Amino acid sequence: MKPVNKLTEADVTPESIFNQQRREIIKNLGLSAAALSLPTVAHADLLSWFKGNDRPPAPPGPPLHYSKPAQWQAKLTLTPENKVAGYNNFYEFGQDKADPAANASSLKTTDWKIQIDGEVAKPLTLDMDDIFKRFPMEQRIYRMRCVEAWSMVIPWVGFELGKLLTLAQPTSNARFVAFQTLYAPDQMPGQQDRFIGGGLHYPYVEGLRLDEAMNPLTLLSTGVYGKGLPPQNGAPIRLTVPWKYGFKGIKSIVKITLTHNQPPTTWNQSAPNEYGFFANVNPHVDHPRWSQATERFIGPSGILDVKRQPTLLFNGYAEQVASLYHGLDLRENY
Ligand SMILES: Nc1nc2c(c(=O)[nH]1)N[C@H]1C(S)=C(S)[C@@H](COP(=O)(O)O)O[C@H]1N2
Ligand SMILES: [Mo]
């Protein structure tokens, strides 16, 4: 995932060195010619994954209280904890998959407040204690599919976003929900420097239609692997929408605004022809630069898991969410 516009000479020169090094590394790892014919995005992705393996495992977050409702404990092979917390996209801390784990400890997650405003009868500001008091946490095992064609299976801990929205009482004018990440350049180097931050506009913003936000699959997550979120995963609270591409899962949220009009979203603003507002996982609608038909599952056995598996419509959650999109052209509304 890389903004295609705004390339300068400074971007191009390191990129060609990078390509050279990438070939060397892949060659040294003894990967086949088939690996070398992968599209560029998969190459870059593979390289950063190997680099990420050299980093120490990220420190886990604080313990959490939660239940494990049987219906949500999917019997799927989990992505190991050190990969969930060591291979991340969080451009506020850099573009390399290992950067967030290495850099996100500068994020101050204490005294966190989250504001709910806009088209609601009861605007609210809650701190994390209020969140834990009002909403019982539960573990849910969900698939996660990044738009870059890699995937994980992650045991989140969280609660349904719909419960928080119901508390704030959306008005009859509310049709969308807009989310905003913390803006704190002193804590987030990518917000200071457009090379570190990938040229995105900050704060990172995302959005859902209200019916998507109210779907019981949609979570606000506060933990992963039974512990509070590590900063690189979006501490202390982030969105989890398992049938959509990972970039919809906005991290470290400070504000939720109910709106009448569709809100702007960060990746859509960066490259509108590549990243849509809906971003529903769909093996039949390719990204302009790569296929979305298959994905590389990041599993427990390292390099052996650099294998592809078919991508499922709505990431395997069609039964729960396909009805939200009846009559909508999924190719046009990507
Ligand atoms: N604020 C913010 N949220 C973000 C991102 C980001 O760069 N900044 N990256 C997104 C992308 S592209 C993905 S795939 C997921 C990754 O979540 P994870 O690192 O917890 O697996 O976070 C999403 N949320
Ligand atoms: Mo992503």
Side-chain angles (χ1 to χ4, degrees), residues 1-3 41 44-45 48-49 52 58 61 78-104 107 109 142-158 178-185 187-191 194 196-208 219-225 227-242 244-255 265-271 274-276 279 281 287 290 292 295-298 311 315:
M1 218 155 152
K2 198 162 205 232
V41 62
D45 189 25
S48 54
W49 186 68
L78 297 181
T79 296
E81 185 174 359
N82 68 330
K83 288 183 182 142
V84 172
Y87 183 87
N88 303 98
N89 276 329
F90 198 167
Y91 276 42
E92 285 87 338
F93 298 101
Q95 297 178 57
D96 189 282
K97 295 292 186 281
D99 285 344
N103 301 330
L107 180 65
T109 59
Y142 280 167
R143 292 188 191 84
M144 202 278 253
R145 171 61 156 80
C146 176
V147 73
E148 296 162 331
W150 53 268
S151 69
M152 296 188 179
V153 171
I154 303 179
W156 298 108
V157 176
F179 303 84
Q180 200 182 106
T181 293
L182 177 72
Y183 184 71
Q187 299 171 43
M188 296 173 149
Q191 291 181 341
R194 70 176 212 86
I196 298 173
L200 297 180
H201 294 293
Y202 295 104
Y204 193 100
V205 290
E206 257 303 336
L208 294 171
L219 296 187
L220 283 174
S221 297
T222 60
V224 68
Y225 264 103
K227 284 157 281 184
L229 289 172
Q232 61 270 30
N233 289 105
I237 187 162
R238 60 87 58 81
L239 187 67
T240 303
V241 199
K244 292 180 179 282
Y245 291 120
F247 68 84
K248 298 297 288 182
I250 180 174
K251 294 176 168 180
S252 304
I253 298 168
V254 292
K255 198 161 133 95
T265 60
T266 292
W267 277 102
N268 179 255
Q269 283 181 313
S270 169
E274 303 197 7
Y275 311 108
V281 176
H287 185 278
W290 57 86
Q292 295 292 28
E295 65 203 38
R296 185 168 56 76
F297 174 65
I298 300 180
T311 289
N315 206 23

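Model, not experiment: these values are computed from the prediction. In listed order, ligands and their atoms are each counted from 1.
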Nearest heavy-atom approach of M188 to L107 is CE-CD1, 3.8 Å

So, regarding W267 and ligand 1 (criterion: nitrogen or oxygen to nitrogen or oxygen, under 3.5 Å), is there a contact or not? no

Is it the side chain, the backbone, both or neither of E92 that has a heavy atom closer than 4.0 Å to ligand 1? side chain

May I ask you to check whether Y245 and W267 place their ring centers less than 6.0 Å from one another? no

Would you say G249 contacts ligand 1, with heavy atoms under 4.0 Å as the rule? yes

Could you say whether the N/O atoms of Y87 and ligand 1 ever approach to under 3.5 Å? no

Thinking salt bridges, do E81 and K227 make one under a 4.0 Å N-O criterion? yes

Could you check if a side-chain atom of F90 sits within less than 4.5 angstrom of a side-chain atom of S252, using non-hydrogen atoms only? yes

I'd like to check which ligand 1 atoms, numbered from 1 as shown, lie under 4.0 Å from a non-hydrogen atom of C146. 14 (S)

Is the shortest distance from a heavy atom of E148 to ligand 1 less than 4.0 Å? no

Take T240 and S221 through the test side-chain hydrogen bond (donor to acceptor under 3.5 Å, both in side chains) and record every step on the way to the result. CA-CA 6 Å; T240 303; S221 297; 2.7 Å; yes

For atom 10 (C) of ligand 1, tell me which residue out of W150, F179, Y204 has the closest non-hydrogen atom. Y204

Under 3.5 Å: donor-acceptor pair, side chain of T79, backbone of I154: no

Short version for M144: what comes under 4.0 Å of ligand 1, heavy atoms counted, is side chain

Quick check on contacts: which atoms of ligand 1 are under 4.0 angstrom from a heavy atom of Y91? 6 (C), 7 (O)

For residues I253 and L239, determine if any side-chain heavy atom of one lies less than 4.5 Å from a side-chain heavy atom of the other. yes

Counting heavy atoms only, which part of K248 comes closer than 4.0 Å to ligand 1: side chain, backbone, both or neither? neither

Salt bridge or not between K97 and E148? Use side-chain N to carboxylate O under 4.0 Å. yes

Proximity to ligand 1 by part of N88, non-hydrogen separation under 4.0 Å: both

May I ask you to list the atoms of ligand 1 that are less than 4.0 angstrom from any heavy atom of T181? 1 (N)

